[in-house]
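Data block below; observations after.
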Amino acid sequence: MKKRIFATALVGLLLVACMAGCTSEGVISASGTSKDSGTYSLVFTGQDSEGLPTTEAMYWIADEVNKRTDGAVEINVYPANQYGSADLQYQGIMDGSIDMLLGYLDPTYDLIFDITTIPFLASNYDEIGYICSEESNTYQLFAEHCEATDMHFMGFYLNGVNGIFSTKDLGDYLDPDVSKGTLIRIANSETYQLGIEALGYSTISIPYTDTYTSLQTGVMDGMTGIPSYMVHQNFADVTKYYLAMDMYMEANVMLMSPQTVEKLPDEYVDIIQEVCAEASAQSLVTTENNVNAGIEDLKNDGITILPITDEQRSEVGEKVRAKIWDQLIDYFGQENIDLINEDIENAAKAVQG
């Protein structure tokens, strides 16, 4: 596995070198063009592998933009970390060597990016839809803080909701007050840590590329941070239990380099923004089906699906929020928490109305 990871990284570096060093005649990289140029070739990178909804969305965005610009904008898609680690890709967006990106936005750059992984932020897909919409405070906060971090925010892409999968029993998972002897891998995120530890589990944060081997060797017992269908695709053979706790929304982001925004004609930026908004809306429609299908696939894999009802999940969510809310205020600040609370209230009203 390590050889495959090394090979992928090497291919990514060679691709970067080729893209930086040459372009075909008559087609210009956005990072090296002026607004009066006719044809643009953009680099669009992603973190997920071929066949996953995020990657399929990247290809759809590329095709739609090409059609709507009458072929003037060609978007070249590079999924599966072909341009290096997530950090290298975000650095590429900031310095202009990468034009577009779809992936998980690490809160290392700004703690605001942890908002979408507040445990039990939304209780159903309709509420998630509001939080991911341009109407929400969350959307505006991401847009503002991306700009402050030299990234242009193009919207959310919902990948699903995250359960917990493990190689060993998850204990009394319905009682957050009971300490479990289970070590769960989380993303490098304060909100992930607060939520999983509030459930009674211990946490570890290691690179995603090391998770499979770590599960095999017992370095850790389980993981959260990906939806069910990704568990089926990548970890089914090392998974014994799956819990659809659904406490985190898996909201990836679509970004453009500010340098690309400046170099592209305004009408093309508007078209790309429009297509990304449509991709975001489509993700909200399809993700529930993908998650449910993933759970069925896990059943067929022989994995034990731990039972939980909507009512039980809601009760666990209330207990977890009560445990960690003061810490969230300390982390995000009262002003941002007020905006988040407003989103929670507006999302519930939008569903009811």
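Counting begins at 1 with the first residue of the sequence. Everything numeric here is computed off the predicted structure, so don't read it as measured data.
Pairing each heavy atom of Val73 with each of Leu42, the nearest pair is CG1-CD1, 3.8 Å. Taking each heavy atom of Tyr248 and Ile196 in turn, the nearest pair found is OH-N, 3.4 Å. Minimum interatomic distance between Met256 and Ile93 (heavy atoms only, all atoms of both residues): O-CG2, 3.9 Å. Nearest heavy atom pair, residue Tyr130 against residue Glu135, reads OH-O, 3.8 Å. Nearest heavy-atom pair across Val219 and Leu183 is O-CD2, 3.4 Å. Contact between Cys276 and Met100 at its shortest, heavy atoms only, is SG-CE, 4.3 Å.
Two residues are said to be in side-chain contact when any heavy atoms from C-beta on lie closer than 4.5 Å; Leu111 and Tyr331 meet this criterion. Looking at Val316 and Gln312, their side chains never come closer than 4.5 Å, going by heavy atoms from C-beta outward. Side-chain contact between Ile131 and Leu121: present, with at least one pair of heavy atoms (C-beta onward) separated by less than 4.5 Å. In this structure the side chain of Glu197 never reaches within 4.5 angstrom of the side chain of Ser202, judged on heavy atoms. Annotation: side chain of Ile340 is in contact with side chain of Ile118 (closest heavy-atom distance under 4.5 Å). Using a 4.5 Å cut-off on side-chain heavy atoms (C-beta onward), Tyr173 and Leu199 make no contact. Counting only heavy atoms from C-beta outward, the side chains of Asp95 and Asp150 never approach each other to under 4.5 Å. Between Thr211 and Met220 there is a side-chain heavy-atom pair separated by less than 4.5 Å.
Ser314 places no side-chain N or O within 3.5 Å of a backbone atom of Asp310 that could act as its donor or acceptor partner. Here the side chain of Ser280 pairs a donor or acceptor atom with the backbone of Phe156 at under 3.5 angstrom. A distance-only check finds a donor-acceptor pair linking the side chain of Asn124 to the backbone of Glu127 [under 3.5 Å]. Here the side chain of Asp343 pairs a donor or acceptor atom with the backbone of Thr138 at under 3.5 angstrom. Tyr192 contributes no side-chain N or O that, together with a main-chain N or O of Thr203, makes up a donor-acceptor pair within less than 3.5 Å. Judged by distance alone, with hydrogens and angles left aside, the side-chain atoms of Thr45 form no donor-acceptor pair with the main-chain N or O of Tyr78 at under 3.5 Å. Looking at Asp126, its side chain never comes within 3.5 Å of a backbone N or O of Val351 through a donor-acceptor pair. In this structure, the side chain of Ser166 engages the main chain of Lys168 through a donor-acceptor pair within 3.5 Å. For the pair Arg321 (side chain) and Phe120 (backbone), a donor-acceptor distance under 3.5 Å is present. When atom types are taken as modelled, the side chain of Asp301 and the backbone of Ala236 share no donor-acceptor pair closer than 3.5 angstrom.
A continuous path of ILVMFWY side-chain contacts below 4.5 Å connects Leu339 to Ile329, so both sit in one hydrophobic cluster.
Salt bridge status for Lys240 with Asp169: absent, with no side-chain N to carboxylate O gap under 4.0 Å. Salt bridge annotation for Arg68-Glu278: present, with a cationic side-chain nitrogen under 4.0 angstrom from a carboxylate oxygen.
When only modelled atom types and interatomic distance are considered, Glu250 and Asn162 share a side-chain donor-acceptor pair under 3.5 Å. For the residue pair Tyr229 and Asn292, no side-chain donor N or O sits within less than 3.5 Å of a side-chain acceptor on the partner. Residues Gln259 and Ser257 bring a donor and an acceptor atom of their side chains to less than 3.5 Å of each other. Between the side chains of Thr191 and Asp114, a donor-acceptor pair is found at a separation under 3.5 Å.
Using the six-membered ring where Trp is involved, Phe113 and Phe142 have ring planes that are tilted, between 30° and 60° apart. Using the six-membered ring where Trp is involved, Tyr139 and Phe153 have ring planes that are perpendicular, over 60° apart on the 30 and 60° scheme.
Within a 6.0 Å sphere centred on CG of Asp326, heavy atoms belonging to other residues, nucleotides or ligands number 12 at most. Remark: Glu335 CD is loosely packed, at most 12 non-hydrogen atoms of other residues, nucleotides or ligands lying under 6.0 Å away.
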Does the pair Thr260 and Tyr40 meet the rule for a side chain to side chain contact (heavy atoms under 4.5 Å, CB included), with working shown? CA-CA 10 Å; Thr260 304; Tyr40 300 82; over 6 Å; no
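Across Val291, Asp48, Leu102, a single residue satisfies side chain to side chain contact (heavy atoms under 4.5 Å, CB included) together with Asn159, and that is Asp48. Partner Ile75 forms a side chain to side chain contact (heavy atoms under 4.5 Å, CB included) with one of Val275, Val65, Thr69 and no other, that one being Val65.
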